[in-house]
Amino acid sequence: LINTRDENGNSTDLSEVLNKHDIGGQIGLGLNYLIQSRTWFNLDLGYSASFTDIAKSEAITDHNTAFTINAGVSFPIFAE
């Protein structure tokens, strides 16, 4: 509800149809693989979902969900 827009990019106010608060949970899994000395490949996967209904209408049930994937390489900037 911070910055909602319709299909045409116009600002819309959804506070009359959506709740301002949401309670949910998140679960994730991470992998670190040693590529070479002091250099790691990192992979993180995550899933989050809301426990509460975000719609104010009893005729509509809607929940927030998200999948995340993060990948990267970790290495030292300064040598010891």
Side-chain angles (χ1 to χ4, degrees):
L1 296 178
I2 293 173
N3 185 11
T4 56
R5 302 207 178 269
D6 63 12
E7 296 85 15
N8 298 322
N10 300 318
S11 181
T12 60
D13 181 19
L14 297 177
S15 62
E16 294 181 12
V17 295
L18 295 178
N19 292 316
K20 292 183 179 182
H21 299 93
D22 186 19
I23 297 174
Q26 182 175 7
I27 189 167
L29 179 68
L31 169 74
N32 295 329
Y33 178 76
L34 182 63
I35 299 172
Q36 63 182 25
S37 176
R38 300 174 49 184
T39 304
W40 294 84
F41 171 74
N42 305 310
L43 180 65
D44 298 315
L45 306 173
Y47 173 75
S48 61
S50 62
F51 302 138
T52 58
D53 188 4
I54 62 170
K56 288 183 178 180
S57 170
E58 292 182 16
I60 299 172
T61 302
D62 202 4
H63 297 271
N64 287 319
T65 58
F67 291 98
T68 58
I69 299 173
N70 296 310
V73 176
S74 175
F75 55 88
I77 294 176
F78 298 105
E80 294 180 0

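- Asp44 contributes atom CG, which lies 7.0 Å from atom CG of Asn32 (distance to the nearest 0.5 angstrom).
- Between atom OG1 of residue Thr61 and atom CD1 of residue Ile54 there is a gap of 10.5 Å, rounded to the nearest 0.5 Å.
- Taking every heavy atom of both residues into account, Ile69 and Leu45 meet most closely at CG1-CD2, 3.8 Å.
- Panel note: side chain Asn19, backbone His21; no donor-acceptor pair is recorded below 3.5 Å.
- Of all heavy-atom pairs between Ala49 and Thr65, the closest is CB-CG2, 4.1 Å.
- Across Thr39 and Leu34, no two heavy atoms sit closer than the pair O-CD1, 3.5 Å.
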Report the C-alpha separation of Leu29 and Leu43 in whole Å, then their side-chain angles, then the decisive distance to 0.1 Å, and conclude whether the side-chain contact (heavy atoms from CB on, under 4.5 Å) test is met. CA-CA 8 Å; Leu29 179 68; Leu43 180 65; over 6 Å; no
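- For residues 42-73, the pairs satisfying ring pair (Phe, Tyr, Trp, His ring centres under 6.0 Å) are Tyr47-Phe67, with sequence neighbours left out.
- With sequence neighbours excluded, the residues forming a side chain to side chain donor-acceptor pair (under 3.5 Å) with Thr52 are Asp22, listed by chain and number.
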Trace of the side-chain contact (heavy atoms from CB on, under 4.5 Å) decision for Asn42 with Asn70: CA-CA 8 Å; Asn42 305 310; Asn70 296 310; over 6 Å; no
Show your working on side-chain contact (heavy atoms from CB on, under 4.5 Å) between Val17 and Lys56 and close with a plain yes or no. CA-CA 5 Å; Val17 295; Lys56 288 183 178 180; 5.7 Å; no
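- Separating the OG atom in Ser50 from the CG atom in Asp62 is a distance of 8.0 Å, to the nearest 0.5 Å.
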